[in-house]
Structures are given as structure tokens and as C-alpha cells.
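Please read the structure below before turning to the comments.
Counting starts at 1 for both ligands and their atoms, following the listed order. These values consider heavy atoms only, across backbone and side chains, with no hydrogens, waters or symmetry-generated copies. This one's a predicted model, so the numbers in the text were calculated from it and none came from an experiment.
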Amino acid sequence: MMITTKDIIREGHPALRKTAEEVQLPASKEDKEILAGLLEYVKNSQDPEMAEKHGLRPGIGLAAPQINVSKRMIAVHVKDHDGILYSYALFNPKIISHSVEKSYLTAGEGCLSVDRMVPGYVPRHARIKLSGTTLEGEKITLKLKGLPAIVFQHEIDHLNGIMFYDHISQENPFTISGDAIAIE
Ligand SMILES: O=CN(O)CCNC(=O)c1cccc(Cl)c1Cl
Ligand code: NI
């Protein structure tokens, strides 16, 4: 079935704070349908006609816990600064290495599970190397930087019960270490 915004659980729902379970591979038909559904939501939410027709709040990523499925699955559909499309649906994504250097979105972050604006910079690893398994069962590794790196980290956080605002400084939400890379 098509995922819509009403299927997305909101902060306060305990599933958002759980650590999601590894998906047993090869994936079952059901798990493949769920993961494909996550990517379909993200793509549809960025299509003005589909978004309007189905009342979809836009997103550049989505994680299974957000539809109350506590399994390690994420989908990302986002273009980087150079217009390169990163469209992935992955089982068991894992960050295998990352830069010391940090980066952050100057516009801050938002979340479909958070029905409010939470201002502030979200410091994240500037570059990451991640592994995961595709819907076709292929094990891949990706080297990411810029906005794609940020989005994958936001989604993998959801698998570990972490919300973006957990990273925002309490003292001053707009403090960020001097050498962090600003992403406009
Ligand atoms: O977990 C996924 N969502 O909550 C979907 C809605 N949020 C976004 O599309 C979004 C917006 C800004 C920065 C980042 Cl990193 C992301 Cl991910
Ligand atoms: Ni989110």
C-alpha cells in the first residue's frame, strides 16, 4: 500500500526512540515492499502533483521507524550541490568510516516526525563511507559528502532512536565549531 503522511508517527511515539533491528537477509517480500514504499514516499513527496493529490509533506529521506517499523531500512532521494541525484533504498545501512571534519546545513534540519520548527545548527560528519544492501540484494559502499552525507546521517540516526535536535547545542543552538563546513 502507498505510504502517506498520516502513516508517519510523531515525536512522543516510543518507536522513534528505539534502536531498530537488523533486517534478516535475503530480505522477505514484506521487507522489500516496506523499503520500496519508503523510497516511493520520498519520490512522490517531491512530485508537486502527487504531493498535492495525496497531501504528502515533502522529504528528502525516510526511515522505517517513522512508519512504526522498527527495522534498519532507509530511503534517500536527494540532489547534491552539483545536481547529482542520490536515490537509494538500503537495508542495514552502516557508517564504516567518517571524517573528523564536521558540516551542517545553514537552514537547519526538519523531520516528518516533528510537527514543529526546531531552530539551530545540526553538526554532522562532513564525509562518510557507508555500506548497505539494496532492494536487489546487492551489497554496496558509498562515499558521501555535502547534503547527501547529511541526509544519510539523519536517516541512520532514526534507526538508532536519535532525532536531529538531539545534536543541537542547548546553550546556543547556532554555535558551531569554526572549522565546520557550512552547507547552504
Ligand atoms: O527522516 C526524514 N524525514 O524526517 C523527512 C523530512 N525531513 C527532511 O526531508 C529533511 C529536511 C532537512 C534536512 C534533512 Cl537532513 C532532512 Cl532528512
Ligand atoms: Ni526525520
Out of all atoms in ligand 1, which are within 4.0 Å of some heavy atom of [X]? Include the element for each.
| X | result |
| --- | --- |
| Leu105 | 13 (C) |
| Glu109 | 12 (C), 13 (C), 15 (Cl) |
| Gly59 | 9 (O) |
| Glu155 | 1 (O), 2 (C), 17 (Cl) |

Is a salt bridge present between [X] and [Y], judged by a nitrogen-to-oxygen distance below 4.0 Å?
| X | Y | result |
| --- | --- | --- |
| Arg127 | Glu101 | yes |
| Lys71 | Glu22 | no |
| Asp31 | Arg72 | no |

Ignoring hydrogens and geometry, is there a side-chain-to-backbone donor-acceptor pair from [X] to [Y] under 3.5 Å?
| X | Y | answer |
| --- | --- | --- |
| Glu138 | Thr133 | no |
| Ser45 | Gly59 | yes |
| Glu155 | Met73 | no |

Between ligand 1 and [X], is the shortest N or O to N or O distance under 3.5 Å?
| X | result |
| --- | --- |
| Ile150 | no |
| Gly110 | yes |
| His154 | yes |

Problem set entry | Heavy-atom gap Gln66 to ligand 1 smaller than 4.0 Å |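 Heavy atoms of Gln66 do come under 4.0 Å of ligand 1.
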For this session: Take every heavy atom of Gly61, measure it against each atom of ligand 1, and state whether any distance is under 4.0 Å.
Result: yes
Exercise. Considering only the protein, which heavy-atom contact is closest to atom 9 (O) of ligand 1, and what is its distance?
Worked result: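 Result: Ile60 N, 2.9 Å.
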Problem set entry | Residue and atom name of the nearest protein heavy atom (relative to atom 4 (O) of ligand 1), distance in Å to one decimal | Leu112 N, 2.9 Å
For this session: Describe, in one word, how the ring planes of His154 and Phe164 are oriented to each other, choosing from parallel (under 30°), tilted (30 to 60°) and perpendicular (over 60°).
Result: parallel
For this session: Could you tell me the separation between the CD1 atom of Ile67 and the CD1 atom of Ile3, rounded to the nearest 0.5 Å?
Result: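 Rounded to the nearest 0.5 Å, the CD1-CD1 separation comes out at 3.5 Å.
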Problem set entry | Cation over ring face, Arg124 and Phe152, 6.0 Å, 45° |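 No, cation not above the ring by the 6.0 Å, 45° rule.
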Exercise. What do we get for His158 next to ligand 1 when only non-hydrogen atoms under 4.0 Å count, side chain, backbone, both or neither?
Worked result: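 Answer for His158: side chain.
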For this session: For the Ni ion (ligand 2), report each protein N, O or S atom nearer than 2.8 Å, sorted by chain and then by residue number.
Result: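 Within the sphere that stays under 2.8 Å of the Ni ion (ligand 2), the protein atoms of type N, O or S are Cys111 SG, His154 NE2, His158 NE2.
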For this session: For the pair Tyr41 and Ile8, evaluate side chain to side chain contact (heavy atoms under 4.5 Å, CB included) and give the outcome as yes or no after the intermediate values.
Result: CA-CA 11 Å; Tyr41 178 93; Ile8 293 172; 4.1 Å; yes
